[in-house]
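Note sheet for the following structure.
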Amino acid sequence: MTDLRVTLERDPDDQDCAVPFADGTVAGRPYRFLLDTGAARTRMIADEYTTNLCPAGTDSGHAAFGAVTETIVTVADLSVGPMRAPSLDVTLADGAAAGAPSLLGMDVIGRYSCHFRFAAGVVGVGARGAGTDELYTGSRGHVYVDVGWPEAAGVSASANWDSGAGITIVHEGFWLAHRELFTDLGTTEGTDASGARVATPLVLMSGPVIGRRPFAPHRAAVVDLTAANATLDRPMDLILGYPTWSQADWIFDFPGRTWALTS
């Protein structure tokens, strides 16, 4: 196993939100990538190198707050620590808001087994066979874990584990159906993968159980995920962001489709 050094970058508007970044290169040029297991495809910023590549098509999808259509180009020699792709079709952030970062998506991350130890600033890459529970992977590469609540017998949620989400997101429909699990905290302004910013309800989510382990109550934003879920083979009740995944270390053997909590 080889360690990839990562840095958690706090949201300047909310210090309780954060996302992980790692340095890499593409065609010998330096880039900084947000590690985003919620992104099916790697996305690059539009710059002198990427905008001079020949378009290879378009990619359409849904971010949290709306549809996104982006140009596809083929880049050479992508390297982020031990993660490598000699040639890769990526989208350009030409339709994203100004300042939207490059994203390393599941088209690269999903090729490896990863031990996410964000508190230590490390992702261990290559530890195959370390997972203990079966991992469900959707058709677009998203990974899911089940979430439950001891005080609400029979209530469970299908959750996308998203390292690129600065805050945990609750689907509005799930929130409305299980209001007893949430305490209203007001509103917050969220940013999705396209860079769009929208004000959403902010709630305190009752402490869930994930992987047979209790988690502390934590904040979440309520978002209507109906449009995004319509494109998925497994709809999302939750998107587990920083307030959730920062409470543990996680092993995901993406090729082997197993996972485990390690601390």
Side-chain angles (χ1 to χ4, degrees), residues 8-20 34-38 62-66 116-120 133 142-229 232 234-250 252 259 261-263:
L8 285 179
E9 183 172 299
R10 303 281 177 176
D11 186 328
D13 299 322
D14 189 341
Q15 291 295 297
D16 291 330
C17 300
V19 288
L34 191 162
L35 300 185
D36 192 353
T37 61
H62 270 271
F65 303 135
F116 294 95
R117 298 188 290 124
F118 289 129
D133 292 339
H142 301 106
V143 295
Y144 295 80
V145 297
D146 293 324
V147 178
W149 288 266
E151 71 271 29
V155 176
S156 63
S158 177
N160 170 217
W161 195 89
D162 187 354
S163 62
I167 190 168
T168 293
I169 294 174
V170 183
H171 176 34
E172 183 180 59
F174 186 85
W175 170 63
L176 291 172
H178 304 289
R179 293 295 297 270
E180 73 279 5
L181 298 177
F182 304 95
T183 302
D184 294 343
L185 296 177
T187 60
T188 186
E189 187 174 60
T191 305
D192 69 6
S194 71
R197 298 181 70 87
V198 174
T200 65
L202 182 67
V203 297
L204 180 68
M205 185 169 72
S206 177
V209 171
I210 307 172
R212 298 172 296 281
R213 183 177 300 181
F215 280 60
H218 52 278
R219 297 192 311 160
V222 178
V223 175
D224 184 359
L225 298 176
T226 301
N229 279 336
L232 302 176
R234 179 169 172 172
M236 304 175 291
D237 297 314
L238 303 173
I239 298 174
L240 301 184
Y242 171 79
T244 309
W245 50 250
S246 63
Q247 296 189 41
D249 292 343
W250 310 70
F252 288 98
W259 73 283
L261 293 172
T262 61
S263 71

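These numbers come from a predicted model, not from an experiment. Here, residue 1 is the first one in the sequence, and each next residue gets the next number. Below, all heavy atoms of this structure are taken into account, side chains as well, without hydrogens, waters or symmetry copies.
- Using modelled atom types, no side-chain atom of D237 and backbone atom of A159 make a donor-acceptor pair closer than 3.5 Å.
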Pair V209-F215, side-chain contact (heavy atoms from CB on, under 4.5 Å): steps then yes or no: CA-CA 6 Å; V209 171; F215 280 60; over 6 Å; no

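- In terms of heavy-atom proximity, P150 sits nearest to G207 at CD-O, 4.3 Å.
- Among all heavy-atom pairs drawn from L204 and P217, the shortest one is CD1-C, 4.1 Å.
- Nearest approach of M236 to L232, heavy atoms of both residues: CE-CD1, 3.7 Å.
- Here S246 contributes atom OG and L240 contributes atom CG; the two are 11.0 Å apart, rounded to the nearest 0.5 Å.
- Atoms CG and CG, on L238 and D162 in that order, are 12.0 Å from each other to the nearest 0.5 Å.
- Going from atom CZ of R212 over to atom CG of D146 covers 11.0 Å, rounded to the nearest 0.5 Å.
- You'll find the ring centres of H178 and F182 outside the 6.0 Å limit.
- Here the side chain of W149 pairs no donor or acceptor atom with the backbone of L181 at under 3.5 angstrom.
- At distances below 3.5 Å, not a single donor-acceptor pair connects side-chain atoms of N229 with backbone N or O atoms of P235.
- Taking CD from E9 and CG from L34, the interatomic distance works out to 8.5 Å, rounded to the nearest 0.5 Å.
- Note: H218 NE2 to Y242 OH = 11.5 Å, rounded to the nearest 0.5 Å.
- Residues Q247 and I210 fail the side-chain proximity criterion, which asks for heavy atoms closer than 4.5 Å.
- Looking at R213 and D249, no side-chain N of the basic residue comes within less than 4.0 Å of a carboxylate O on the acidic one, giving no salt bridge.
- The side-chain contact (heavy atoms from CB on, under 4.5 Å) test applied to A220 returns T168, V170, V203, not counting sequence neighbours.
- Residues T200 and I169 fail the side-chain proximity criterion, which asks for heavy atoms closer than 4.5 Å.
- S163 places a side-chain N or O within 3.5 Å of a backbone atom of L35 that can act as its donor or acceptor partner.
- Side-chain contact between V147 and T244 is absent, with no heavy atoms from C-beta onward closer than 4.5 Å.
- Here the side chains of W175 and D224 are not in contact, with every heavy-atom distance at 4.5 Å or above.
- Here the side chain of T37 pairs a donor or acceptor atom with the backbone of W161 at under 3.5 angstrom.
- R219 places a side-chain heavy atom less than 4.5 Å from the side chain of D14.
- Residues passing the ring-ring contact (aromatic ring centres under 6.0 Å, His included) test with F118, sequence neighbours excluded: F116, W245.
- The minimum heavy-atom distance between A216 and P208, with the atom names listed, is O-CD, 4.2 Å.
- Remark: the backbone N or O of V143 is paired with a side-chain donor or acceptor of N160 at under 3.5 angstrom.
- When all heavy atoms of I239 and A165 are compared, the pair lying nearest together is CG2-CB, 4.1 Å.
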